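Inspection log for the structure reproduced underneath, given as structure tokens.
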Amino acid sequence: MTTGLKVWLWIVLVFNAFSGVMAIVSALLIPLMWVVVAAEALVVAGAVMLLFPRKKMGFFLICGGALISFILTVVLGGNIVSSLISAIIMPLIIWLLIKNTWYEFH
């Protein structure tokens, strides 16, 4: 695993964990936000799976969490363009950083 990938995964882990905690506050007012909390939990779990046991499934969890977040943003009437960019950029950066070392993951 490259240093760049480790750094990016830690950034993803910290920011999405923080975002998930903040979504819990919103979910107390808007019940549909619990889906956002679940999506953030998927991304955090994916980052942990890539960082520690080095499982390929972590990448797919991150992609799934990003997709769920995008769909929910569309349903809730949020900014579709920024959400689409976010849903594409995060997994794309991970893929670009992981593609040469994909064989190291189980």
Side-chain angles (χ1 to χ4, degrees):
M1 180 181 303
T2 64
T3 304
L5 178 59
K6 284 181 188 177
V7 169
W8 180 250
L9 288 174
W10 276 105
I11 290 170
V12 167
L13 179 73
V14 169
F15 279 102
N16 283 287
F18 180 73
S19 179
V21 170
M22 297 309 291
I24 289 172
V25 174
S26 297
L28 296 173
L29 301 173
I30 305 169
L32 193 56
M33 289 297 289
W34 285 108
V35 179
V36 172
V37 174
E40 296 296 340
L42 280 178
V43 173
V44 169
V48 168
M49 287 181 73
L50 283 173
L51 277 169
F52 301 114
R54 295 189 180 184
K55 300 283 184 183
K56 291 178 182 177
M57 180 57 81
F59 176 72
F60 300 114
L61 286 175
I62 290 172
C63 292
L67 179 64
I68 291 169
S69 291
F70 171 71
I71 291 169
L72 196 59
T73 300
V74 171
V75 169
L76 291 174
N79 188 342
I80 296 173
V81 174
S82 67
S83 181
L84 181 63
I85 290 170
S86 174
I88 292 172
I89 293 296
M90 180 183 48
L92 181 63
I93 290 173
I94 292 171
W95 174 248
L96 291 174
L97 291 170
I98 204 174
K99 69 178 182 175
N100 293 331
T101 59
W102 185 252
Y103 62 89
E104 292 179 10
F105 296 85
H106 308 293

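In this text, all values refer to a predicted model and were calculated from it rather than measured experimentally. No hydrogens, no waters, no symmetry mates; every other heavy atom, side chains included, goes into these values.
Between I94 and I62, the closest heavy-atom pair is CD1-CD1, 3.7 Å. Across all non-hydrogen atoms, the minimal contact from M49 to G58 is CB-CA, 3.8 Å. Here the closest non-hydrogen pair linking M33 and A27 is CB-CA, 3.5 Å. Contact detail for S19 and E40: the closest heavy-atom pair is OG-OE2, 3.5 Å. The two atoms that bring L50 and F105 nearest to each other are O-CE2, 3.5 Å, heavy atoms only. Across V43 and A66, no two heavy atoms sit closer than the pair CG2-N, 4.1 Å.
Side-chain atoms of S83 do not come within 3.5 Å of backbone N or O of N79 as any donor-acceptor pair.
In terms of hydrophobic clustering, with Ile, Leu, Val, Met, Phe, Trp and Tyr side chains grouped at heavy-atom distances under 4.5 Å, I68 and V75 are assigned to a common cluster. V44 and I89 fall within a single hydrophobic cluster, where Ile, Leu, Val, Met, Phe, Trp and Tyr side chains are chained together by heavy-atom contacts under 4.5 Å. In the hydrophobic cluster analysis, where Ile, Leu, Val, Met, Phe, Trp and Tyr join through side-chain heavy atoms closer than 4.5 angstrom, W102 is grouped together with L61. Following chains of ILVMFWY side-chain contacts shorter than 4.5 Å, one can reach V7 starting from V12, so the two form part of one hydrophobic cluster. The cluster map of Ile, Leu, Val, Met, Phe, Trp and Tyr, joined by side-chain heavy atoms under 4.5 Å apart, puts L51 and W8 in the same cluster.
Residue K6 holds its NZ atom at 14.5 Å from CG of L13, rounded to the nearest 0.5 Å. The distance from the CG atom of L97 to the CG atom of L92 is 9.5 Å, given to the nearest 0.5 Å. Here I85 contributes atom CD1 and F70 contributes atom CZ; the two are 10.5 Å apart, rounded to the nearest 0.5 Å. One distance of note links CG of L67 with CD1 of I88; it measures 10.5 Å at 0.5 Å rounding. With rounding to the nearest 0.5 Å, the separation of OG1 in T2 from CD1 in I98 is 8.5 Å. Distance check, rounded to the nearest 0.5 Å: OG of S26 to CG of L32 gives 11.5 Å.
Heavy-atom contacts from other residues, nucleotides or ligands closer than 6.0 Å to CH2 of W10 number 12 or fewer. Atom CE of M1 sits in a crowded spot, with more than 12 heavy atoms from other residues, nucleotides or ligands closer than 6.0 Å.
Proximity of L28 to W34: side-chain heavy atoms (C-beta onward) are separated by under 4.5 Å at one or more points.
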